[in-house]
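Each chain gets a letter, A, B and so on, in the order its sequence line appears, and its residues count up from 1.
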Amino acid sequence: MNGVHDLGGMQGLGGVDVEGNEPVFHNPWEKAIFGTMLATMGQGMYNLDEFRHGIEVMSPAHYLTSSYYEHWLETIEKNLIEKGIIDRDELDARTQEFLKDPAAPVPQREDPELAESLSRLVRSGASTRREVSAKPQFEVGDRVRTRNVHPRGHTRLPQYVRDKQGVVERVYDAFVLPDANAHGEGENPQYVYSVRFEAEEVWGDSAEPREVVYVDLWESYLEPL
Amino acid sequence: MNGVHDLGGMQGLGGVDVEGNEPVFHNPWEKAIFGTMLATMGQGMYNLDEFRHGIEVMSPAHYLTSSYYEHWLETIEKNLIEKGIIDRDELDARTQEFLKDPAAPVPQREDPELAESLSRLVRSGASTRREVSAKPQFEVGDRVRTRNVHPRGHTRLPQYVRDKQGVVERVYDAFVLPDANAHGEGENPQYVYSVRFEAEEVWGDSAEPREVVYVDLWESYLEPL
Amino acid sequence: MSDSYPASEAEISARAKALESLLVEKGLIGTDAIDKAAGAYESDIGPMVGAKVVARAWSDPGFKEQLLEDASAACARLDVGGMQGEHMVAVENSEQVHNVVVCTLCSCYPWPVLGLPPNWYKYPQYRSRTVMEPRKVLKEEFGLDVDESVDIRVWDSSAEIRYLVLPERPEGTEGMSEEELASLVTRDSMIGVGKPRTPEG
Amino acid sequence: MSDSYPASEAEISARAKALESLLVEKGLIGTDAIDKAAGAYESDIGPMVGAKVVARAWSDPGFKEQLLEDASAACARLDVGGMQGEHMVAVENSEQVHNVVVCTLCSCYPWPVLGLPPNWYKYPQYRSRTVMEPRKVLKEEFGLDVDESVDIRVWDSSAEIRYLVLPERPEGTEGMSEEELASLVTRDSMIGVGKPRTPEG
């Protein structure tokens, strides 16, 4: 999806705003949203690609005017509602209650089993690497061209490196394909490659000297040159 | 400038909102802003390319969350302040006064001479066509490739047709080059061409069948193929 | 002032008035001049002008030929022209070809023949989608079904040329006067997002 | 709820609480589990973990070799790994090469070694500019002057590989313990937007 989230090379956004001594969470709701993501995605209510795509489909104006954890809240809500786990009206009604009484506590519930499994998730992760029987189509050093595609759904092929020539720098294992997995089309694992692009190829005369960009791309994003 | 104003091919913006029986101006300030543009640009306080670029440098979030005539107001203010015609503090102070007393009238002033010249401008226009001694570099039917450039300033080469192959469909006269004229670098007139791009070249597999796009491009945006 | 957004209508109105007031007080603009010039687009400059041009082209083969050859010159014969239409090009619809006009970078539009553009032409949705999925936009957003066999030509007004679509003359209009024909020509049909009215209505 | 923006902090807070409450009431999540898991990133998962890995690589040539060969396996030897760092790659800075990491599409970041990313890493400015003008961004935004003679390699974390920059060991650190070395390693130096501290401070 050619969305505003696909930011590589956009100009006019201004300076980088570095916050000194930045806390991990700036307030209680950032931590609550982060934890809610862990507990819901961690229990398989939606997958990481669905999570990311839920942010991408926010309206561009909304995306650019909202905070990072608001993006997360948007996509968690959207995914849980789509899966039928949460009801939109129920959520809105409860939100109104908390708006009227901001000090009202969240009901507490202990779940030692979930605590244990989330702790394991944090420590061990949830790899999307998959075994495939096929051999990788490309080898280190192969010249490739990225495809000129503009899918309406989720993809991890950034616009700034579409229809560009590069060289395979590293061959990784096969991983779940986000383009399929974000839309309930299965995992469709494919090999991933680190592809090296010369800045001149990507940015033309506007390139900085002595710069290369490496982008990690799934096999179907690439064509042999 | 790779700004959010360069919208060709962006996805996720939603449906087209067609207003039935739409008035030319929706309220008095739209008409006032339109008229102020005519009177200030018409008297040469800034040029059309400076006007357009003043909109492009709005922050993307601001651009997407504001109305069309707010864009105009932004760039008129910006240009008049930059040229020293209006003072920012003076403008802010006066704005506060009108916010406090929204019914306060704008002082009236008759200027028959300006009325006459604006009327002439509306009826006769202000062509940016210029005579140049050189011959056009390209002819109808020539295959060209658009340049891969990402200028930080104003340009009229949209991103979606950069680094793409096309065919010259029409050869127009030479016109003032926006890339120069928006930045006080003179008019630098160049020939303009209507270049035909097959949808497949621009959008790859995502193209609709039987579609071509024609884009009007200045000579320096093009390279012979 | 412009650091928080979206700005309220009250704020925009106040800023517009403040700007106009300062320019008036400095003796740089006249309120009468502004009202008169802007007012022209509320009265005599609008789609009815383009409709006259189209009706003439439908009625007069010589005029049509000139319109397609040099639209600015042809329009000048009808005393039509001016700002944002100094260099106009007319593109003809036919059974094989459908033309549609857009401006992806801003909102360029042939003012002398169509007046000022409607909001939808100026806002991001139409500008982003029309160059990529014109058939879908025409069908879904404007209810205009362009047959699969018809080529679609999209004109992105990226320079100072302004494009006017010359729609196909509707059937059943033989013997109509230019004035009657002009009443069938809609703004949308001259942008390429609609068809002219038919005599039945 | 999400039709007007920017949303107020009060609204976000209420929505977050409402969501959490409903999930708790449905018996789908435990508040203790959430607090504990999120809390890990406030306590023991953060840049100090990556600093240990870097200090070990500076001290132990065999470990460094393994880190550059298979960072996940090397980190596992130090009991380091986990979510959003299942497949880590370390890229080495040298006198000839400076590496910098970005995620243009979202905010991918090696959590097990750096914790959660700072806001600037997640917001549009850094993400848009770093792939196009890294030298300018490093100099203007982070005060890091990368000499013209040094190659800049930008790593856009677009898949599920997570990149960790192995910074150059500062001069004057001969004979330092791993613990002392680790205290010199900053978060920014492992993203590639800064250098490690020097022993003088």
Under a 4.5 Å heavy-atom cutoff, which of [options] has the most pairs with chain D?
options: A:E19, A:Q11, A:E116, A:R52; answer: A:R52
options: A:T40, A:L118, A:L73; answer: A:L73
options: A:V106, A:V24, A:L157; answer: A:V106
options: A:P102, A:A207, A:A199, A:G8; answer: A:G8
options: A:R123, A:K100, A:M10; answer: A:R123
options: A:A32, A:S67, A:P107; answer: A:P107

Exercise. Run the ring-ring contact (aromatic ring centres under 6.0 Å, His included) check on A:F34 and D:W111 step by step: do they pass?
Worked result: CA-CA 13 Å; A:F34 181 83; D:W111 293 3; 5.5 Å; yes

Give a yes or no on whether the backbone of [Y] and the side-chain of [X] come within a donor-acceptor separation of less than 3.5 Å.
X: A:E211; Y: D:I152; answer: no
X: D:D32; Y: A:D111; answer: yes
X: A:R109; Y: D:I29; answer: yes
X: A:R156; Y: D:S158; answer: yes
X: D:E141; Y: A:V16; answer: yes
X: D:R135; Y: A:P209; answer: yes
X: A:Q43; Y: D:L28; answer: yes

Measure distances from [X] to the heavy atoms of chain D and classify the residue's part below 4.5 Å as side chain, backbone, both or neither.
X: A:P158; answer: both
X: A:R120; answer: neither
X: A:N27; answer: side chain
X: A:V192; answer: side chain
X: A:I55; answer: neither
X: A:S124; answer: backbone
X: A:E110; answer: both
X: A:Y68; answer: both
X: A:M58; answer: neither
X: A:H26; answer: side chain
X: A:I33; answer: side chain
X: A:A104; answer: backbone
X: A:L121; answer: both

Using side-chain heavy atoms (C-beta onward) and a distance below 4.5 Å, is [X] in contact with [Y]?
X: A:H71; Y: D:K122; result: no
X: D:E11; Y: A:F98; result: no
X: D:I161; Y: A:R170; result: no

[X] versus chain A, heavy atoms under 4.5 Å apart: side chain, backbone, both or neither?
X: D:Y123; result: side chain
X: D:F142; result: side chain
X: D:V91; result: side chain
X: D:S149; result: backbone
X: D:P134; result: both
X: D:L19; result: both

Is [Y] paired with [X] through a side-chain N to carboxylate O contact shorter than 4.0 Å?
X: D:E20; Y: A:R94; answer: no
X: A:E77; Y: D:R15; answer: yes
X: A:D6; Y: D:R127; answer: no

Using a cut-off of under 4.5 Å on heavy-atom pairs, state which of [options] scores highest against chain A.
options: D:E9, D:K26, D:M83, D:Q84; value: D:M83
options: D:P118, D:S157, D:A40; value: D:P118
options: D:L22, D:L23, D:V80; value: D:L22
options: D:D44, D:V137, D:D35, D:V102; value: D:D44

For this session: To the nearest 0.5 Å, tell me how far D:Q125 CD sits from A:D17 CG.
Result: 7.5 Å

Problem set entry | Check against salt bridge (charged side-chain N to carboxylate O under 4.0 Å, His left out), A:E97 and D:K17 | CA-CA 10 Å; A:E97 288 177 31; D:K17 280 179 151 183; over 6 Å; no

For this session: Please report the C-alpha distance between A:R210 and D:V150 in whole Å, then the side-chain angles of each, then the deciding distance to 0.1 Å, and finally whether the side chain to side chain contact (heavy atoms under 4.5 Å, CB included) criterion is met.
Result: CA-CA 7 Å; A:R210 307 189 72 107; D:V150 175; over 6 Å; no

Exercise. Run the side-chain hydrogen bond (donor to acceptor under 3.5 Å, both in side chains) check on D:T104 and A:Y160 step by step: do they pass?
Worked result: CA-CA 10 Å; D:T104 60; A:Y160 77 98; 4.6 Å; no

Exercise. Between A:V215 and D:W155, does a side chain to side chain contact (heavy atoms under 4.5 Å, CB included) hold up when you go through it step by step?
Worked result: CA-CA 6 Å; A:V215 187; D:W155 299 86; over 6 Å; no

Problem set entry | Intermediate values then yes/no, side-chain hydrogen bond (donor to acceptor under 3.5 Å, both in side chains), A:Q108 and D:T31 | CA-CA 6 Å; A:Q108 298 297 295; D:T31 41; 3.3 Å; yes

For this session: Determine, step by step, whether A:R129 and D:E160 satisfy the salt bridge (charged side-chain N to carboxylate O under 4.0 Å, His left out) criterion, reporting the C-alpha distance in whole Å, the side-chain angles of both residues, the deciding distance to 0.1 Å, and the verdict.
Result: CA-CA 8 Å; A:R129 178 167 59 184; D:E160 294 308 325; over 6 Å; no

For this session: Give a yes or no on this: more than 12 heavy atoms of other residues, nucleotides or ligands lie within 6.0 Å of atom NZ of D:K195.
Result: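 Check fails, neighbour count at 12 or below.
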
For this session: Go through the steps to decide whether D:I12 and A:W29 satisfy the test side chain to side chain contact (heavy atoms under 4.5 Å, CB included), and finish with yes or no.
Result: CA-CA 8 Å; D:I12 299 298; A:W29 53 262; 3.2 Å; yes

Exercise. How are the rings of A:F175 and D:H87 set relative to one another: parallel (under 30°), tilted (30 to 60°) or perpendicular (over 60°)?
Worked result: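 The arrangement is perpendicular - the two ring planes meet at more than 60°.
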
For this session: Would you please test A:D216 and D:Y163 for side-chain hydrogen bond (donor to acceptor under 3.5 Å, both in side chains) and show each step?
Result: CA-CA 11 Å; A:D216 290 341; D:Y163 293 91; 2.9 Å; yes

